[in-house]
Participant: 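I'd like to ask you about the structure that follows.
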Amino acid sequence: MTITRLKNYCAQQERALRIELEALEQQLQQAEARRVVLESEVGAVAHAYVQSAKSGVTAREAVQQHEALDGLARLIQRAKNRAAALRTEWERKQQEVLEAARERRKLEILEERHERQRRRAVEQQEQRLMDEVAGRRRPA
């Protein structure tokens with residue numbers, strides 16, 4: 001396999017990893033947005049609970065509101081866990097993207113080095129040919 005093919009393969013891998021990274025970033029943003037919404041709901045439910053407690057509430061209503069708060073707290077914890085897992089995955093994927101970019105760059109440098117060597121060899125060959133032709137034309 002040539003260096004160019006390897007470089008192109010690495011570039012394709014890097015692009016695929018960047019797409020995956022972008023998808024993870026969107027999922028992470030959605031998870032964070034969900035957590036924020038749930039936390040605002042807790043605030044509203046807690047405020048309603050305090051207001052109803054001030055005006056007097058039955059034991060059953062108090063239990064229901066408490067269960068609602070507990071349910072929201074569990075949902076918030078799940079949302080936080082999901083966001084943390086996505087963040088960890090995003091960081092891992094980010095490292096993969098960086099490593100793929102480094103590998104691609106290494107191959108680009110190697111390809112450039114080989115191209116310079118090839119050009120130098122061609123120039124040397126041309127110079128030898130010109131020297132040979134010039135040597136033949138000189139009268140003895």
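Scope of the values below: all heavy atoms of this structure, side chains included, with no hydrogens, waters or symmetry mates.
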Participant: Just by distance, with hydrogens left out, do Gln117 and Arg120 show a side-chain donor and acceptor under 3.5 Å apart?
Facilitator: no
Participant: Restricting to side chain to side chain donor-acceptor pair (under 3.5 Å), what partner residues turn up for Glu22, sequence neighbours left out?
Facilitator: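 So Glu22 forms no side chain to side chain donor-acceptor pair (under 3.5 Å) with any residue.
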Participant: If you measure from CD on Glu25 to CZ on Arg18, what distance do you get to the nearest 0.5 Å?
Facilitator: 11.5 Å
Participant: Let's go through Arg35 and Glu39 carefully: what are the C-alpha distance in whole Å and the side-chain angles of both, what is the deciding distance for salt bridge (Lys or Arg N to Asp or Glu O under 4.0 Å) to 0.1 Å, and is it a yes or a no?
Facilitator: CA-CA 6 Å; Arg35 180 190 53 79; Glu39 287 175 347; 2.8 Å; yes
Participant: Looking at Leu107 and Ile3, what are the two nearest heavy atoms and their distance?
Facilitator: O-CG2, 3.6 Å
Participant: Start with the C-alpha gap between Leu69 and Gln65, add the side-chain angles, then the distance that decides, and say whether side-chain contact (heavy atoms from CB on, under 4.5 Å) holds.
Facilitator: CA-CA 6 Å; Leu69 283 171; Gln65 289 177 335; 5.7 Å; no
Participant: What distance separates Leu17 CG from Leu24 CG, expressed to the nearest 0.5 Å?
Facilitator: 10.5 Å
Participant: Write down the atom of Ala31, the atom of Leu86, and the distance for their closest heavy-atom approach.
Facilitator: CB-CD1, 3.9 Å
Participant: Between Ala83 and Leu28, what is the shortest heavy-atom contact and its length?
Facilitator: O-CD1, 3.4 Å
Participant: So, Glu123 and Arg119, do they make that salt bridge, N to O below 4.0 Å?
Facilitator: no
Participant: Hey, what do you get for CD (Glu99) to CD (Gln13), rounding to the nearest 0.5 Å?
Facilitator: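 Answer for the CD-CD pair, Glu99 versus Gln13, is 11.0 Å.
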Participant: Using 0.5 Å steps for rounding, measure from the NZ atom of Lys106 to the SG atom of Cys10.
Facilitator: 10.0 Å
Participant: Within a radius of less than 6.0 Å around CZ of Arg82, do more than 12 heavy atoms belonging to other residues, nucleotides or ligands occur?
Facilitator: no
Participant: Is a salt bridge present between Arg60 and Glu67, judged by a nitrogen-to-oxygen distance below 4.0 Å?
Facilitator: no
Participant: Between the side chains of Glu61 and Ser52, does any donor sit under 3.5 Å from an acceptor?
Facilitator: no
Participant: Show your reasoning for whether side-chain contact (heavy atoms from CB on, under 4.5 Å) applies to Lys54 and Gln51.
Facilitator: CA-CA 5 Å; Lys54 286 181 182 177; Gln51 292 301 319; 4.2 Å; yes
Participant: Can you list the steps and then say if Gln77 with Arg74 is a side-chain hydrogen bond (donor to acceptor under 3.5 Å, both in side chains)?
Facilitator: CA-CA 5 Å; Gln77 189 56 50; Arg74 284 190 299 277; over 6 Å; no
Participant: Less than 4.0 Å between a side-chain N and a carboxylate O, is that true for Glu108 and Arg104?
Facilitator: yes
Participant: Does a side-chain N-to-carboxylate-O contact under 4.0 Å join Lys93 and Glu20?
Facilitator: yes
Participant: Start with the C-alpha gap between Gln12 and Asn8, add the side-chain angles, then the distance that decides, and say whether side-chain hydrogen bond (donor to acceptor under 3.5 Å, both in side chains) holds.
Facilitator: CA-CA 6 Å; Gln12 288 173 347; Asn8 291 340; over 6 Å; no
Participant: Any salt bridge between Arg87 and Glu91, counting N to O under 4.0 Å?
Facilitator: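 Looking at Arg87 and Glu91, the cut-off is not met.
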Participant: Could you go step by step and tell me if Arg113 and Arg116 meet the side-chain contact (heavy atoms from CB on, under 4.5 Å) rule?
Facilitator: CA-CA 5 Å; Arg113 186 177 302 149; Arg116 280 193 307 271; 3.9 Å; yes
Participant: CD of Gln95 to CG of Leu21: how many Å apart, nearest 0.5 Å?
Facilitator: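 Going from CD on Gln95 over to CG on Leu21, the span is 10.5 Å.
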Participant: State the CD-CD distance between Glu89 and Gln94, to the nearest 0.5 angstrom.
Facilitator: 12.0 Å
Participant: Flag the pair Glu115 / Arg118 as yes when at least one side-chain heavy-atom distance between them is below 4.5 Å, and no otherwise.
Facilitator: yes
